[in-house]
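Numbering of ligands and ligand atoms starts at 1, following listing order. Computed over heavy atoms, backbone and side chain alike; hydrogens, waters and symmetry mates excluded.
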Amino acid sequence: MARYQIAWLPGDGIGVEVMDATRIVLNRLQFDAAYLPGDIGWEFWCREGDAFPQRTIDLLKRVDAALFGAITSKPVKSAEKELAPALQGRGHAYRSPIVRMRQLFDLYVCLRPCKAYAGNPLNFREGLDLVIFRENTEDLYAGVEFNPVPPELSDLLGQLSKPFSAFKDVPAGQYAISCKVNTRKGSERIVRAAFEFAQKNRRRKVTVIHKANVVRATDGLFLDTAREVAKEYPNIAMDDANIDAMCMWLLKNPFNYDVLVAPNLYGDIISDLCAQMVGGLGFGCSGNIGEKLAVFEPTHGSAPKHAGQNKCNPLATILAARMMLDWLGETEKAGRLESAVAEVIREGRVRTYDMGGRNTTTEMAAAVAAKL
Ligand code: NAI
Ligand code: MG
């Protein structure tokens with residue numbers, strides 16, 4: 001039996017192509033794994049009314065790790081229309097399989113390294129090397145949402161919250177509520193993960209991102225918790241910034257930052273900003289990490305307009321595979337893979353369209369494999 005059981009979840013659109021390309025590289029590395037294909041994505045929603053079928057959940061329960069491509073998601077109303085006719089009107093509600101997977105398996109760390117590999121024509125600044133820790137299970141993604149708002153809830157809010165009186169005359173159906181729910185436990189474990197990483201990797205500083213001056217209850221809790229955790233790591237500097245200011249400072253003085261930690265939504269926003277600084281979606285890789293399972297993926301989506309053309313950049317997925325190797329303890333292979341990617345980028349002979357080149361997805365993967 002192979003040493004590792006890896007769930008292989010290509011998903012939709014270019015997810016399939018970038019995963020095929022990544023397999024070329026993993027095979028060349030002689031990574032001792034059995035790849036177990038799993039069903040996820042739009043196709044399964046249309047056919048079965050579930051984008052993340054139970055059999056895929058069961059698969060994830062028995063593997064060492066998973067690699068995931070990308071899926072297509074659509075708003076609830078248009079999703080219903082694309083269901084198989086026999087399934088329509090039967091109460092199937094579309095839910096993002098990724099958010100579900102993160103919550104179901106308690107994959108509370110979303111780890112997103114953003115490194116500018118030398119010679120990438122898309123680098124905002126050479127030498128950037130930021131690491132983002134995004135909380136992955138709560139905050140505005142908790143799924144506690146109301147539209148329409150039930151009258152019991154609006155009555156209760158009217159009694160408990162003074163600011164809510166500003167909305168008391170808004171007719172039912174004319175407003176919606178999404179609850180931001182943050183726990184001390186959830187805040188503590190993501191901040192601790194960031195500091196542990198900083199300590200292990202000799203990073204100098206952790207910056208806590210929030211909006212605690214306005215969103216006092218939840219972001220206040222996050223920031224207070226972060227300050228407590230920081231006391232346990234006296235050798236690592238901690239600072240904090242509001243999410244809005246952070247976006248500005250990151251562009252102005254990116255080298256002032258090192259490890260960033262944030263609640264779910266701010267972490268999502270800052271991830272795209274940082275990914276763009278080191279080459280954009282073709283380079284953004286990510287790990288959803290829990291105590292027992294970790295699922296690695298490129299941060300980009302299924303890019304339907306490019307699907308089936310073998311033209312997108314597989315490096316984000318290849319770098320996600322590198323993260324997976326690292327997490328499994330295969331650090332030698334992870335290091336070799338990263339060096340191979342860095343060399344291909346530095347040489348600049350093979351470039352996909354996003355890098356201004358004309359090479360295919362497969363050619364990029366083959367170029368990386370050839371360096372291994
Ligand atoms: P997207 O990330 O799929 O693509 C946006 C654009 O970025 C593409 O049109 C393309 O120009 C570029 N791009 C993306 N990946 C690239 C790559 N590997 N190489 C070169 N260029 C690349 O985002 P979009 O178009 O907003 O969403 C498409 C679908 O993907 C939607 O259904 C969305 O819900 C879903 N999505 C899924 C995600 C996931 O599976 N984790 C994340 C983001 C979006
Ligand atoms: Mg995102």
Give the numbers and elements of all ligand 1 atoms closer than 4.0 Å to a heavy atom of Lys305. 9 (O)
Thr299-ligand 1 polar pair, N/O distance under 3.5 Å: no
For the residue pair Asn123 / Tyr117, report whether a side-chain donor-acceptor contact shorter than 3.5 Å exists. no
Apart from Leu153 itself, which Ile, Leu, Val, Met, Phe, Trp or Tyr residues share its cluster (side-chain heavy atoms under 4.5 Å, direct or through members)? Val144, Phe146, Val149, Leu157, Phe164, Phe167, Val170, Tyr175, Ile177, Val181
Between Ile14 and ligand 1, which residue portion shows a heavy-atom distance shorter than 4.0 Å: side chain, backbone, both, or neither? side chain
Thr317 heavy atom under 4.0 Å from ligand 1: no
Using a 3.5 Å cut-off on N or O atoms only, is Asp354 in polar contact with ligand 1? no
Reported CG-to-CD1 distance for the pair Leu29 and Ile24, which is rounded to 0.5 angstrom: 12.5 Å
May I ask you to identify, for Lys74, whether its side chain, its backbone, both or neither come under 4.0 Å of ligand 1 on a heavy-atom basis? neither
Can you confirm, on distance only, whether ligand 1 has an N/O atom lying under 3.5 Å from any N/O atom belonging to Pro304? no
Under 3.5 Å between some N or O of ligand 1 and some N or O of Ile71? yes
Would you say the side chain of Glu330 lies within less than 4.5 Å of the side chain of Arg3, judging by non-hydrogen atoms? yes
Would you say Trp42 contacts ligand 1, with heavy atoms under 4.0 Å as the rule? no
At a 4.0 Å cut-off, with the gap strictly under it, does some heavy atom of Ala316 reach an atom of ligand 1? no
Answer yes or no: does an N/O atom from Thr72 fall short of 3.5 Å to an N/O atom of ligand 1? no
Run through the side-chain heavy atoms of Ile, Leu, Val, Met, Phe, Trp and Tyr, join any pair under 4.5 Å, and report what else lands in Phe105's cluster. Leu9, Leu36, Ile40, Trp42, Trp45, Phe52, Ile57, Leu59, Leu60, Val63, Phe68, Ile71, Leu83, Leu87, Tyr94, Ile98, Met101, Leu104, Leu107, Leu293, Val295
Could you check whether Thr137 and Glu135, counting side-chain N and O atoms only, form a donor-acceptor pair closer than 3.5 Å? yes
For ligand 1, which is the ligand I care about here, please tell me if Pro298 has any N or O atom under 3.5 Å from one of the ligand's N or O atoms. no
Whether Arg134 engages the ring of Tyr141 as a cation-pi pair (distance to the six-membered ring centre under 6.0 angstrom, angle to the ring normal within 45°) should be assessed. yes
